[in-house]
Number of protein chains: 2
Amino acid sequence: MHTSCIIKHFENYSPLTERDRTLLASLEKSPRAYARNSVLWEQGEPSRHFYTVSKGWAYTYRNMHDGTRQVLDIYVPGDIVGLREFAFSHRITGLALLSDAELCAFPKTRLTDVFSQSLLLCNIFFMIAARDQAILLERLVNLGRRSAREKVAHFLVEIAERLKKTDVDTSGNLRLPLPQVLLADALGLSVVHINRTLKELKNDNLLLPTNGGVELLNIKALEEVAGFDPGYLEENIDDMLDHAREAQLRIDAAFTNADDNSEE
Amino acid sequence: MHTSCIIKHFENYSPLTERDRTLLASLEKSPRAYARNSVLWEQGEPSRHFYTVSKGWAYTYRNMHDGTRQVLDIYVPGDIVGLREFAFSHRITGLALLSDAELCAFPKTRLTDVFSQSLLLCNIFFMIAARDQAILLERLVNLGRRSAREKVAHFLVEIAERLKKTDVDTSGNLRLPLPQVLLADALGLSVVHINRTLKELKNDNLLLPTNGGVELLNIKALEEVAGFDPGYLEENIDDMLDHAREAQLRIDAAFTNADDNSEE
DNA sequence: ATGCTTCTACAACATAGGTTATGGTAGAGG
DNA sequence: CCTCTACCATAACCTATGTTGTAGAAGCAT
């Protein structure tokens with residue numbers, strides 16, 4: 001039996017009890033493979049499932065009326081996709097793949113069941129949502145108040161940083177499978193200008209545009225260029241999770257107590 | 001005794017049981033008044049509380065190294081502030097006021113307690129987080145792929161739309177207390193260009209820059225200019241909440257059962 | 001009133017980034 | 001092998017928006 005990708009992901013945050021693990025596994029259908037450039041859904045379609053990315057790269061986007069598009073976020077292995085549609089019956093963004101990938105679907109409605117059965121998992125889900133927000137926030141800053149050069153550097157560095165929490169190999173030079181059109185649509189720039197900017201950064205020996213992607217040569221220096229401050233990726237959650245774990249124990253105790261009594 | 005502002009806010013989403021109401025009220029200290037331009041916190045400070053806005057306007061921002069700043073979101077009465085720091089021990093953005101205001105604080109740590117005691121409230125909190133994300137997403141699109149004119153129109157219209165769900169009077173012309181510097185910092189433009197753009201929109205009879213704010217004269221036409229699609233503000237959540245309510249009933253039943261037995 | 005400060009207004013000039021166009025390369029598929 | 005399709009590269013030219021600077025109006029403290 002394969003190791004569930006969502007369990008692996010959650011154990012990045014906190015050790016899980018056997019019960020939590022069973023619970024998580026229960027809401028996961030087996031992973032499914034998709035080809036590069038597949039569109040998993042378009043904006044407007046009904047949204048009934050979340051997905052976890054177990055292999056490969058994905059991105060969400062929004063098509064504009066004038067034919068342009070905005071890329072909103074990139075997903076790497078271990079990320080959860082679609083959480084933000086919790087409050088919506090329809091997809092508010094499209095999802096497509098940057099590489100061949102494997103994703104696991106699980107139904108939205110079962111999320112509340114999980115909440116009811118494990119306080120710890122409920123808290124972790126909430127934290128993941130908070131982290132997603134922090135990333136979007138930083139992306140906002142990026143679009144609003146940085147030059148093209150800084151934008152590109154910051155975007156690349158952030159993704160490199162996120163990859164570190166993954167089982168993707170990040171030793172040596174890192175190659176990100178991000179074509180220049182995608183960078184343009186993510187950063188609100190034109191492809192031409194992305195190209196100009198990459199050339200500049202290449203001349204400074206910071207990166208190397210390769211076919212269909214970018215190879216990072218000097219992450220440290222890129223962080224410098226970007227004015228990158230990793231604070232928004234470093235959650236500090238142990239307090240909260242301890243609290244949740246204790247509360248869970250109290251609940252369990254109450255239940256067991258009642259059960260014991262009723263069995264006497 | 002005053003009506004809790006957070007209860008009012010939550011009842012926008014769903015009717016609450018008496019128990020839910022008590023629970024919510026329990027985590028709320030009484031509202032406190034703050035003066036216009038107060039800074040409630042700076043980025044980097046420890047974050048121990050959430051706030052609900054019961055009166056007035058607030059905004060979050062991020063100061064950049066080069067002295068510029070990015071305004072990230074505006075808050076109107078009924079909004080919850082600080083949820084995104086759930087996963088962080090420190091503030092990742094600053095919070096300041098646009099007008100005299102009243103806010104209620106409640107401690108972060110108690111949120112997990114609420115989660116454990118009411119599935120419905122837990123779900124509503126999650127939905128609010130999802131909605132916040134949807135708003136940030138739209139703001140991203142705004143910054144990435146729209147002209148100054150569209151940006152301004154979209155931003156103003158969105159806020160007008162959000163005000164409708166509030167007990168603020170939205171009949172007649174709406175005056176938003178947003179100075180031009182704030183618009184600039186929110187939309188990634190210079191004050192001068194904001195000024196130019198407002199002048200244009202004023203010539204088209206769409207709005208009227210008033211002292212320290214903007215009066216909207218023709219929201220319909222502004223929506224046209226912005227290409228505004230309100231979908232991202234219209235959650236569809238009844239399914240999820242029904243589900244949560246049922247699950248809560250099942251849990252309660254199990255508990256009561258056990259209790260009854262133990263008291264026999 | 002007097003002077004602060006904050007916000008608005010507008011002009012002249014500068015530039016980052018957009019647009020259009022053309023050509024190149026590498027892989028995918030018949 | 002040839003064609004198609006992605007993606008990349010570079011050039012010439014254009015414009016939306018930024019920068020700097022100056023000035024006036026409105027609110028606020030003394």
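Everything quoted here is computed from the prediction, not taken from an experiment.
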Going by atom types only, do Ser89(B) and Arg48(B) share a side-chain donor-acceptor pair under 3.5 Å?
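The criterion, which ignores hydrogens and geometry beyond distance, is not satisfied for Arg48(B) and Ser89(B).
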Rounded to whole angstroms, how far apart are [atom1] on [X] and [atom2] on [N]?
X         : N       : atom1 : atom2 : answer
Leu143(A) : dT17(D) : CG    : C1'   : 16 Å
Asn211(B) : dG27(D) : CG    : P     : 5 Å
Asn37(A)  : dA28(C) : CG    : P     : 12 Å
Leu178(A) : dA6(D)  : CG    : C1'   : 16 Å
Asn203(B) : dA9(C)  : CG    : P     : 11 Å
Asn195(B) : dA25(D) : CG    : C1'   : 14 Å
Leu208(B) : dC7(C)  : CG    : C1'   : 15 Å
Leu201(B) : dA9(C)  : CG    : P     : 13 Å

Short side-chain N/O contact from Gln180(B) to OP1 or OP2 of dT6(C), under 4.0 Å:
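So the side chain of Gln180(B) is outside the cut-off, no N or O lying under 4.0 Å from OP1 or OP2 of dT6(C).
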Under-4.0 Å side-chain N/O to phosphate OP1/OP2 contact, Lys199(A) with dT10(D)
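Yes, such a contact exists.
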Listing time: all N or O pairs from protein to nucleotides 16-18 of chain C that are below 3.5 Å?
{"residue": "dG17(C)", "atom": "OP1", "partner": "Ala148(A)", "partner atom": "N", "Å": "3.2"}
{"residue": "dG17(C)", "atom": "OP2", "partner": "His193(A)", "partner atom": "NE2", "Å": "3.4"}
{"residue": "dG18(C)", "atom": "OP1", "partner": "Ser190(A)", "partner atom": "N", "Å": "3.2"}
{"residue": "dG18(C)", "atom": "OP2", "partner": "Ser190(A)", "partner atom": "N", "Å": "3.0"}
{"residue": "dG18(C)", "atom": "OP2", "partner": "Ser190(A)", "partner atom": "OG", "Å": "2.9"}
{"residue": "dG18(C)", "atom": "N7", "partner": "Arg196(A)", "partner atom": "NH2", "Å": "2.7"}
{"residue": "dG18(C)", "atom": "O6", "partner": "Arg196(A)", "partner atom": "NH1", "Å": "3.2"}
{"residue": "dG18(C)", "atom": "O6", "partner": "Arg196(A)", "partner atom": "NH2", "Å": "3.0"}

Name the orientation class of the two ring planes belonging to Phe50(B) and Phe106(B) (parallel below 30°, tilted from 30 to 60°, perpendicular beyond 60°).
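Tilted.
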In terms of the angle between their ring planes, are Tyr61(B) and Tyr59(B) parallel, tilted or perpendicular, with boundaries placed at 30° and 60°?
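Aromatic pair Tyr61(B)/Tyr59(B) classed tilted.
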Look at Arg139(A) together with Glu158(A) and state whether they make a salt bridge at an N to O cut-off of under 4.0 Å.
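Yes, Arg139(A) and Glu158(A) are salt-bridged.
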Does a side-chain N-to-carboxylate-O contact under 4.0 Å join Glu42(B) and Arg91(B)?
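Arg91(B) and Glu42(B): not salt-bridged.
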Arg36(A) atom CZ: more than 12 heavy-atom contacts under 6.0 Å:
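No, because the 6.0 Å sphere around CZ of Arg36(A) holds 12 heavy atoms or fewer from other groups.
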